[in-house]
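Before any comments, here is the structure.
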Amino acid sequence: MKDIKVCKFGGTSMATRESINRVIDIVSADDRRKFVIVSAPGKRNKSDIKVTDQLYKIVEEQKTTGNFKESFDALKERFVSLTKELGVDFDIISELDNLEKAIANGATASYAASRGEYLSAKLLSAKTGWTFIDAKDIVRFNDCGVFDPEYTNDTAKALLQNVKGRAVIPGFYGCGADGYVKTFSRGGSDVTGSIVAGAVKASLYENWTDVSGFLVADPRIIKDPEVIETITYRELRELAYMGASVLHEDAIFPVRKEGIPINIRN
Ligand code: ASP
């Protein structure tokens, strides 16, 4: 495929109607931005909770006390109002009812957590008309639960090359060898974006986040550290491995293999 950009948007970008509209503007501003990978809605303000954290909390409550109603209602309220604000024709209530039933029946934490990204992508697709492609049909883990890059790359290539127009894909999860949903570790939507970029041989992997690229120091400790303009894959991986939370450390391999540059955007 020729001159395609793959864009990944983090939780802050998917948190509110305003930020989602900004995502749509950014993507629409460049015809090459064809594949869009999204995280689950993140925090709307400092005291808010990320949808992913809320989902893990709900599963934990189900397991320990069996009572997750209050937390689930908060999640429901969040998605229902976001759907209303976006003004999309999407049956969020039945999606959430199914999720609630699944959790009551002992759904795995992986499955529950993955629904944050799933619903985020479904809403964006409903709002824009961009094709929804389920990550479960692309990303594959082997029977030891380890990410299977060959299998994934083959399926992703086959599936993505036929997409007409733009497509939106939920980040963070895929399919285990047992057919059940399995997630990457936290922050794994970066990995999904990189996999998609590698599979379609994108000209650029744009990672849109809430920080201004890689900094020379941790901004929580050092005031206004300088931005690193250019960095090698190796340096990037090392920094990610050492805890710079800009990009998931496993997001480097799929793009490095194809020599695709990563652009970290605020
Ligand atoms: N939503 C997941 C997390 O909070 C994955 C991601 O955002 O990349 O870890």
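Listed for the Glu61 side chain is no donor-acceptor partner under 3.5 Å among the backbone atoms of Ile58. Ser194 contributes a side-chain N or O that, together with a main-chain N or O of Ala251, makes up a donor-acceptor pair within less than 3.5 Å. Under a 3.5 Å cut-off, the side chain of Ser19 and the backbone N or O of Ser13 do form a donor-acceptor pair. Of the possible donor and acceptor atoms, none in the side chain of Lys57 sits under 3.5 Å from a partner among the backbone N and O of Thr52. A donor-acceptor pair is defined here as one N or O able to donate and one able to accept, closer than 3.5 Å; such a pair exists between the side chain of Thr155 and the backbone of Thr152. Although no hydrogens or angles enter the test, the distance criterion places no donor-acceptor pair under 3.5 Å between the side chain of Thr183 and the main chain of Ser110.
For the pair Arg256 and Phe253, the cation-pi criterion (under 6.0 Å, within 45° of the ring axis) is not fulfilled.
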- request: Apply side chain to side chain donor-acceptor pair (under 3.5 Å) to the pair Asn153 and Tyr151, showing each step before the final yes or no.
  value: CA-CA 6 Å; Asn153 200 41; Tyr151 191 112; over 6 Å; no
Verdict with supporting geometry, Asn67 and Gln62, side chain to side chain contact (heavy atoms under 4.5 Å, CB included): CA-CA 6 Å; Asn67 181 8; Gln62 196 278 333; over 6 Å; no
message: One pair to check against side chain to side chain contact (heavy atoms under 4.5 Å, CB included): Arg78 and Asp48. What are the steps and the verdict?
response: CA-CA 11 Å; Arg78 181 162 187 187; Asp48 200 12; 3.6 Å; yes
- prompt: Are Ser39 and Glu117 close enough, and set up right, to give a side chain to side chain contact (heavy atoms under 4.5 Å, CB included), and what steps lead you there?
  reply: CA-CA 5 Å; Ser39 283; Glu117 268 68 13; 3.9 Å; yes
task: Go through Leu204 and Val6 one step at a time and tell me if the side chain to side chain contact (heavy atoms under 4.5 Å, CB included) criterion holds.
output: CA-CA 6 Å; Leu204 189 66; Val6 171; over 6 Å; no
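Annotation for Val51 and Gly116: closest pair CG1-CA, 3.8 Å, computed over non-hydrogen atoms. Scanning all heavy atoms of the two residues, the minimum distance from Lys8 to Gly10 falls at NZ-CA, 3.6 Å. Nearest heavy atom pair, residue Glu258 against residue Gly198, reads CG-O, 3.7 Å. Of all non-hydrogen atoms in Val216 and Pro225, the two that sit nearest each other are CG2-CB, 3.9 Å. Contact detail for Ala217 and Ile222: the closest heavy-atom pair is CB-CG1, 3.6 Å. Nearest heavy atoms, Leu124 versus Val38: CD2-CG1, 3.8 Å.
With sequence neighbours excluded, the residues that form a salt bridge (Lys or Arg N to Asp or Glu O under 4.0 Å) with Asp97 are Lys76. Taking Arg220 as the reference, Asp218 meet the side chain to side chain donor-acceptor pair (under 3.5 Å) condition, with sequence neighbours excluded.
Looking at heavy atoms from C-beta onward, Ile37 lies out of side-chain contact with Ile195 at the 4.5 angstrom threshold. Side chains of Phe90 and Lys127 form no contact here, defined as non-hydrogen atoms less than 4.5 Å apart. The shortest side-chain heavy-atom distance between Asp31 and Arg166 falls under the 4.5 Å cut-off. With contacts defined as side-chain heavy-atom distances shorter than 4.5 Å, the pair Pro261/Tyr205 does not qualify. Contact annotation: the side chain of Leu99 approaches that of Arg115 to within less than 4.5 Å [non-hydrogen atoms, C-beta and beyond]. Taking 4.5 Å as the limit, some side-chain heavy atom of Val36 sits within range of a side-chain heavy atom of Trp130. Ile93 has its side chain out of reach of Leu96: every pair of non-hydrogen atoms, C-beta onward, lies at least 4.5 Å apart. Ile133 is listed as a side-chain neighbour of Leu159, based on a closest heavy-atom distance under 4.5 Å.
No continuous path of ILVMFWY side-chain contacts below 4.5 Å connects Tyr56 to Val59, so the two sit in separate hydrophobic clusters. In the hydrophobic cluster analysis, where Ile, Leu, Val, Met, Phe, Trp and Tyr join through side-chain heavy atoms closer than 4.5 angstrom, Val196 is grouped apart from Tyr118. A continuous path of ILVMFWY side-chain contacts below 4.5 Å connects Leu247 to Ile260, so both sit in one hydrophobic cluster. The hydrophobic cluster containing Phe35 does not contain Phe132, counting ILVMFWY residues as joined when their side-chain heavy atoms lie under 4.5 angstrom apart, directly or transitively. Linking ILVMFWY side-chain heavy atoms closer than 4.5 Å, directly or via other members, places Met14 and Ile92 in a single hydrophobic cluster.
By the 4.0 Å N-to-carboxylate-O rule, Arg33 lies close enough to Glu206 to be salt-bridged with it. Salt-bridge check for Arg186 with Asp53: passed, with a basic side-chain N closer than 4.0 Å to an acidic carboxylate O.
Using bins of under 30°, 30° to 60° and over 60° for the plane-to-plane angle, the ring pair Trp208/Phe9 lands in the parallel bin.
The OG1 atom of Thr16 sits 6.5 Å away from atom CD1 of Ile20, with the distance rounded to the nearest 0.5 Å. Atom CZ of Arg17 sits about 13.5 Å away from atom CG of Leu123, to the nearest 0.5 Å. In this structure, Ile49 CD1 and Gln54 CD are separated by 4.5 Å, a value rounded to the nearest 0.5 Å. Of the inter-residue distances, the one linking Lys34 atom NZ with Leu160 atom CG reads 9.0 Å to the nearest 0.5 angstrom. Annotation: the span from Asn21 atom CG to Ile26 atom CD1 amounts to 11.0 Å, rounded to 0.5 Å. Rounding to the nearest 0.5 angstrom, the gap separating the CG atom in Asp73 from the CD atom in Glu100 is 7.0 Å.
More than 12 heavy atoms of other residues, nucleotides or ligands lie within 6.0 Å of CD in Glu18, so this atom counts as buried by the packing criterion. Environment of NZ in Lys5: crowded, with over 12 heavy atoms of neighbouring residues, nucleotides or ligands closer than 6.0 Å.
When only modelled atom types and interatomic distance are considered, His248 and Ser185 share a side-chain donor-acceptor pair under 3.5 Å. Checking Asp190 against Asn207 by side-chain atom types alone, a donor-acceptor pair falls below 3.5 Å. Counting only N and O atoms by type, the side chains of Thr192 and Ser189 include no donor and acceptor under 3.5 Å apart. Residues Ser28 and Asp25 bring no donor and acceptor atom of their side chains to less than 3.5 Å of each other. There is a side-chain donor-acceptor pair under 3.5 Å between Asn45 and Ser47.
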Can you give each donor-acceptor pair under 3.5 Å made by side-chain atoms of residues 135-144, sequence neighbours left out, with the distance rounded to 0.1 Å?
{"unit_1": "Lys136", "atom_1": "NZ", "unit_2": "Gly179", "atom_2": "O", "d": "3.0"}
{"unit_1": "Asn142", "atom_1": "OD1", "unit_2": "Cys144", "atom_2": "N", "d": "2.8"}
{"unit_1": "Asn142", "atom_1": "OD1", "unit_2": "Gly145", "atom_2": "N", "d": "3.2"}
{"unit_1": "Asn142", "atom_1": "OD1", "unit_2": "Val146", "atom_2": "N", "d": "3.0"}

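Tyr173 has its ring centre no less than 6.0 Å from the ring centre of Phe184.
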